[in-house]
Novice: 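What follows is a single structure, and I will ask about it in a moment.
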Amino acid sequence: MSRLGVLGVVDLPGEAASVVRARAFVRGLLERAGVGEASDVLLLVSELVSNAVAHSESGHGGRVGVVVIGCPDRIVRVEVCDQGSDASKPQVRDDQGLLSAGGRGLRLVEQIARGWDWDEDGSGRTVWFEVAV
């Protein structure tokens, strides 16, 4: 990775179509930064943006932000910012059977990322992950 620090920021509408836009944005940034294989990062971006749209106030006419940061030791950190929700908090669910239609997104983040977490304040929620590239 040729450059450390914030590689880019994008603000997207809180709608399903933004998942594809977020992936394309992150893919472009990582290609320009010299990251050859970014499939894990792109998968996790898809999961977090999907969750932001489906489980936060952003999915009701709001916005979703994506921040991509190049860290030392070829680590990429991605932060997905949404408008939060009183009804839903990010959690890895253990109750999903093999035939369940959903609920595995944060399990993937937990298994693939070298670290992840979330924070919420009065302005919204940020869920982040870090992946070695």
Novice: With rounding to the nearest 0.5 angstrom, report the OG to CZ distance, S85 to R125.
Specialist: 6.0 Å

Novice: I need the full list of salt bridge (Lys or Arg N to Asp or Glu O under 4.0 Å) pairs touching residues 51-73, with sequence neighbours left out, sorted by first then second residue.
Specialist: D11-R63

Novice: Can you list every pair that meets salt bridge (Lys or Arg N to Asp or Glu O under 4.0 Å) and has a residue in residues 16-25, with sequence neighbours left out?
Specialist: none

Novice: Compare every heavy atom of G8 with every heavy atom of L29, then report the nearest pair and how far apart it is.
Specialist: CD1-CA, 3.7 Å

Novice: Any donor and acceptor pair, going by atom type alone, linking the side chain of R74 with main-chain N or O of A132 inside 3.5 Å?
Specialist: no

Novice: Do V66 and V68 have side chains that approach each other closer than 4.5 Å (heavy atoms only, starting at C-beta)?
Specialist: yes

Novice: If you take all heavy atoms of D82 and G84, which pair is closest and at what distance?
Specialist: OD1-N, 2.7 Å

Novice: Contact between V92 and W116 at the side-chain level, heavy atoms closer than 4.5 Å - yes or no?
Specialist: yes

Novice: Side chains of L7 and L30: closer than 4.5 Å at any heavy-atom pair?
Specialist: yes

Novice: Determine the minimum heavy-atom distance between V64 and G14, stating which atoms define it.
Specialist: CG2-CA, 4.0 Å

Novice: With side chains defined as the heavy atoms from C-beta onward, is the minimum distance between V41 and F129 less than 4.5 Å?
Specialist: yes

Novice: Between Q83 and H60, is there a side-chain heavy-atom distance shorter than 4.5 Å?
Specialist: no

Novice: Measure across P13 and S18 and return the closest heavy-atom pair with its distance rounded to 0.1 Å.
Specialist: O-OG, 2.6 Å

Novice: What distance do L48 atom CG and W128 atom CH2 have between them, rounded to the nearest 0.5 Å?
Specialist: 11.0 Å

Novice: Quick one: pull up CG in L43 and CG in L108 and give me the separation to the nearest 0.5 Å.
Specialist: 5.5 Å

Novice: Nearest 0.5 Å, what's the CG-CD distance between D86 and E120?
Specialist: 7.5 Å

Novice: Partners of S39 by side chain to side chain donor-acceptor pair (under 3.5 Å), sequence neighbours excluded?
Specialist: E37

Novice: For a 4.5 angstrom cut-off between non-hydrogen side-chain atoms, does I69 reach V78?
Specialist: no

Novice: How close do V127 and W118 get, heavy atom to heavy atom, and via which atoms?
Specialist: CG2-CB, 3.8 Å

Novice: Ignoring hydrogens, what is the shortest heavy-atom contact between V53 and A16? Give both atom names and the distance.
Specialist: CG1-N, 3.9 Å

